[in-house]
Amino acid sequence: MSTPEKKETLAERVKRLSRGLRGTLQESLKDEHTGSLRSDDQLLLKFHGMYQQDDRDRREERALKKLERLYSFMIRLRIPGGMIGPVHWESLHNVAGENSTGTIKITTRQTVQLHGILKSKVKPTIKAFDQVFLDSIAACGDVNRNVTCTANPSSSPIHKEVFSYAGEISRSLLPKTRAYYEIWLDEEQVLEKEEPQDPLYKDVYLPRKFKIAIAIPPYNDVDVFTNDIGLIAIIEEGELKGFNVSIGGGLGTTHGNPDTYPRVGTVMGFVSKKDVLKVVYEIVTVQRDFGNREDRKLSRLKYTVDRVGMDFYKKEVEKRTGITFSPAKEYKFTTRTDEFGWSQDKAGNWHYTVFVENGRVLDENGYLLKTALLEVSKTRRATFRFTCNQNLILSDIFTKDKDLIESILVKYGVQRKTSEASPIRKNSMACVALNTCSLALAEGQRYLPTLIDKIEVLLDKHSLKSEPITIRMTGCPNGCARPYISEIGLVGTALGKYNLHLGADWEGGRLNKKYKEDLDEAAILGELDGLFSQFAKDRKQNESFGDFTNRIGILK
Ligand code: SRM
Ligand code: SF4
């Protein structure tokens with residue numbers, strides 16, 4: 001009996017026929033009759049770090065006027081480990097002002113996005129970034145995405161060494177096609193026949209997006225267990241020995257689809273630093289070869305590992321690399337939060353972590369954060385490091401320059417904002433959601449700040465004002481602000497409605513659970529009021545809110 005032929009999905013077909021991610025992007029871009037791209041090209045565009053979007057606030061008005069949607073593009077940069085120099089920042093500031101909405105959005109994966117770029121401005125934007133050696137290659141799409149790493153250099157005397165792996169891993173997993181250079185930077189076109197097949201991605205790329213993070217214990221600011229591959233740096237006697245390797249983390253779910261679920265990664269074992277690149281590469285090839293290509297909802301590595309089994313996955317990686325995993329080494333995470341304000345690393349350099357609410361860098365309501373950061377960049381005395389908590393570290397500042405940077409932060413009120421924000425606000429994150437995200441069911445970053453104003457009043461009422469509780473909101477169940485691993489998770493179900501999740505731990509090792517569904521603001525505040533009251537009365541000494549809600553038996 002012959003086996004039934006597998007049906008190729010649209011996404012798989014588009015990738016296979018894309019001629020190295022070229023598709024008809026050149027032609028689509030030239031078409032001046034529409035602000036959009038051909039639909040197949042919209043899929044391919046993601047591999048170049050961009051999304052076609054439209055202004056959802058203006059859909060109705062445009063439809064009434066019988067106009068096409070107000071299309072624009074989002075560009076996400078590839079910045080492994082999240083560090084750029086002051087010249088890059090100045091360029092980013094200028095490009096944002098000239099070509100996009102002006103807001104620089106720091107993402108939950110340590111990079112930045114610009115929104116609202118019109119079709120005619122996309123190429124000039126990429127070219128402007130290229131002038132300062134920034135690119136958006138593989139920032140989205142079914143490939144390895146931005147590799148993240150514990151952000152603050154004061155986290156470890158060997159931060160620099162560990163951090164270098166983010167760049168190395170990112171480079172080793174980049175697609176080999178020259179399409180990006182041809183389409184966006186006018187490099188002469190390579191004849192298709194002359195371009196050798198990509199040894200890693202072949203012509204099918206990965207079944208789905210792929211994410212890698214590196215954490216330096218005790219800091220888990222990258223939320224290492226929510227990644228397809230999580231690398232935990234093992235440092236003994238001040239020396240980097242290698243990494244514990246976790247696989248199968250991922251958070252995206254779909255409302256009403258019980259086959260989808262968030263999952264924290266499982267540690268496979270330890271590999272030495274000399275072997276880690278090879279091991280990472282082959283973990284990716286196993287997912288390439290065994291991942292589900294028929295149902296994109298079930299195609300992330302987390303589903304592959306649950307389907308084929310951890311033992312099989314591990315053996316396959318060992319077979320392909322010729323390297324045997326050693327038992328995992330001991331480590332301990334104690335925090336995921338950013339350490340705000342000044343810190344000093346072992347070499348004596350200074351780092352100032354700026355609180356950036358939901359990662360939005362703009363001048364708004366008299367708070368000139370964007371202007372302040374431009375002024376810092378113009379001194380050329382600080383680097384810029386993005387954190388996975390959507391904040392920014394002004395970094396690598398010599399002692400002699402510290403006062404200068406501080407004077408700018410004081411002048412623009414950045415230092416005051418950072419020191420005065422409440423602990424819950426400093427531990428909050430929201431995804432972009434409306435008005436640009438096409439998948440949003442509810443608000444994210446535009447709403448969370450005002451909800452926190454009200455939650456702060458409740459915390460004050462129960463004398464919990466100084467309690468650092470992680471709270472994260474997303475406009476849909478895809479989980480872009482990692483709400484399933486925060487102590488309070490709010491996941492959008494419809495405009496103004498959220499599922500309330502509770503019970504994750506402080507360190508990022510345990511997922512939360514859905515507590516109540518479809519709550520509006522009044523209901524969310526009502527639930528939290530009751531829970532805070534109980535917490536204030538019945539918590540054990542030093543017990544976190546997440547551990548408390550997990551302990552008292554309210555979560556099924
Ligand atoms: Fe995300 C899709 C924004 C981090 C899980 N994410 C999207 C898109 C591109 C919507 C789309 O497909 O059309 C969003 C663009 C919104 C906009 O207007 O800009 C979007 N995701 C974001 C960012 C910008 C949120 C933020 O406010 O910071 C983050 C960009 C990170 C980066 O720089 O690369 C972002 N997304 C995440 C994370 C968190 C993480 O990686 O640490 C997750 C959960 C972890 C995971 O991957 O499992 C995440 N995004 C998703 C998913 C669900 C994937 C899944 O496995 O089901 C989607 C939908 C999809 O892929 O189909 C998605
Ligand atoms: Fe969009 Fe949903 Fe991601 Fe928020 S969580 S940015 S609404 S895809």
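Any value given below was found using the heavy atoms of this structure, including those in side chains, with hydrogens, waters and symmetry copies removed. Positions are given from 1 along the sequence. Read the numbers this way: they start at 1 and go in the same order the structure lists the ligands and their atoms.
Scanning the protein heavy atoms around atom 13 (O) of ligand 1, the nearest turns out to be S438 OG, 3.5 Å. The single protein non-hydrogen atom nearest to atom 3 (Fe) of ligand 2 is C480 SG, 2.3 Å, given as residue, atom name and distance. With respect to atom 4 (Fe) of ligand 2, the closest heavy atom belonging to the protein is C431 SG, 2.3 Å. Annotation: atom 2 (C) of ligand 1 to nearest protein heavy atom, K209 NZ, 4.0 Å.
Using a non-hydrogen distance threshold of 4.0 Å, K46 does not register as a contact of ligand 1. Residue contacts with ligand 1 leave out Q445, since none of its heavy atoms falls under 4.0 Å from the ligand. Using a 4.0 Å cutoff on heavy atoms, T111 counts as a contact of ligand 1. The closest approach between a heavy atom of R208 and any atom of ligand 1 is below 4.0 Å. Heavy atoms of G444 stay at 4.0 angstrom or farther from ligand 2. Look at R296 and you'll find every heavy atom at least 4.0 Å from all atoms of ligand 1. Judged by the shortest distance from any of its heavy atoms, Q113 lies inside the 4.0 Å radius around the atoms of ligand 1. The shortest heavy-atom distance from L439 to ligand 1 is under 4.0 Å.
In summary, the atoms of ligand 1 found under 4.0 Å from a heavy atom of T436, numbered by their order in the structure, are 17 (C), 18 (O). Proximity to G252 (heavy-atom distance under 4.0 Å) selects the following atoms of ligand 1: 48 (O), 53 (C), 55 (C), 57 (O). For ligand 1, the atoms lying closer than 4.0 Å to a non-hydrogen atom of M74 are 15 (C), 19 (O). Those atoms of ligand 1 that come under 4.0 Å of a heavy atom in Y51, given as number and element, are 9 (C), 11 (C), 12 (O), 13 (O). Listed by atom number, the atoms of ligand 1 under 4.0 Å from Q390 heavy atoms are 26 (C), 27 (O), 28 (O). Contact atoms of ligand 1 toward H115: 17 (C), 18 (O), 19 (O) (distance under 4.0 Å to a heavy atom of the residue). Residue T474 approaches ligand 2 through these ligand atoms, each under 4.0 Å from one of its heavy atoms: 5 (S). Those atoms of ligand 2 that come under 4.0 Å of a heavy atom in G475, given as number and element, are 4 (Fe), 7 (S). For ligand 1, the atoms sitting less than 4.0 Å from at least one non-hydrogen atom of A430 are 27 (O), numbered in the order shown with element in parentheses. The G479 neighbourhood of ligand 2 comprises atoms 5 (S), with distances under 4.0 Å to a heavy atom of that residue. Within ligand 2, the atoms closer than 4.0 Å to a non-hydrogen atom of A440 are 7 (S), numbered from 1 in the order shown. Atoms of ligand 1 lying under 4.0 Å from any heavy atom of G250, numbered from 1 in the order shown and given with element: 48 (O).
For atom 3 (Fe) of ligand 2, the set of nearby N, O or S atoms under 2.8 Å includes none belonging to C476. Under 2.8 Å from atom 1 (Fe) of ligand 1 lies no N/O/S atom of C431, from backbone or side chain alike. Taking backbone and side-chain atoms together, C437 has no N/O/S atom less than 2.8 Å away from atom 2 (Fe) of ligand 2.
For atom 54 (C) of ligand 1, the choice among R482, R300, R472 with the nearest heavy atom turns out to be R300. In this comparison of K302, R56, R76, the heavy atom closest to atom 34 (O) of ligand 1 sits on R76. Considering G479, C437, A481, C140 only, the shortest heavy-atom separation from atom 10 (C) of ligand 1 involves C437. Summarising the contacts of atom 38 (C) of ligand 1 with Q42, K211, R78, R109, the nearest heavy atom is found in K211. Nearest residue to atom 50 (N) of ligand 1 from C480, G359, P483 is C480 (criterion: closest heavy atom).
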Could you go step by step and tell me if D54 and R59 meet the salt bridge (charged side-chain N to carboxylate O under 4.0 Å, His left out) rule?
CA-CA 8 Å; D54 75 285; R59 274 188 191 173; 2.8 Å; yes
Please assess F384 against F386 for the test ring pair (Phe, Tyr, Trp, His ring centres under 6.0 Å), listing each intermediate value before the final yes or no.
CA-CA 7 Å; F384 289 68; F386 308 115; 7.7 Å; no
Go through it in stages, so that I can follow the logic: the residues are D306 and R263, the test is salt bridge (charged side-chain N to carboxylate O under 4.0 Å, His left out), and I'd like the CA-CA distance, side-chain angles, deciding distance and then a yes or no.
CA-CA 10 Å; D306 283 344; R263 186 185 191 283; 3.1 Å; yes
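Looking at S28, S36, S18 one by one, the single match for side-chain hydrogen bond (donor to acceptor under 3.5 Å, both in side chains) with D41 turns out to be S28. Partner of T285 under the side-chain hydrogen bond (donor to acceptor under 3.5 Å, both in side chains) criterion, out of R288, E282, Q287: E282 alone. Under the side-chain hydrogen bond (donor to acceptor under 3.5 Å, both in side chains) rule, Y484 has a single partner from T474, T226, N512, T253, which is T253.
S72 and G116 make their closest contact through OG-CA, 3.3 Å (heavy atoms, listed as atom of the first residue, atom of the second, distance). Counting all heavy atoms, side chain and backbone alike, P468 lies closest to P423 at CA-CB, 3.7 Å.
Y201 has its side chain out of reach of D142: every pair of non-hydrogen atoms, C-beta onward, lies at least 4.5 Å apart.
Judged by distance alone, the side chains of T148 and Q110 never bring a donor and an acceptor atom under 3.5 Å apart. A donor-acceptor pair shorter than 3.5 Å cannot be found between the side chains of T387 and D221.
No more than 12 heavy atoms of other residues, nucleotides or ligands shown are found within 6.0 angstrom of NZ on K297. When the shell of 6.0 Å around NZ of K121 is examined, it contains 12 or fewer heavy atoms from other residues, nucleotides or ligands.
A cation-pi arrangement is present between R385 and F163, with the terminal nitrogen or guanidinium carbon under 6.0 Å from the aromatic centre and inside a 45° cone about the axis.
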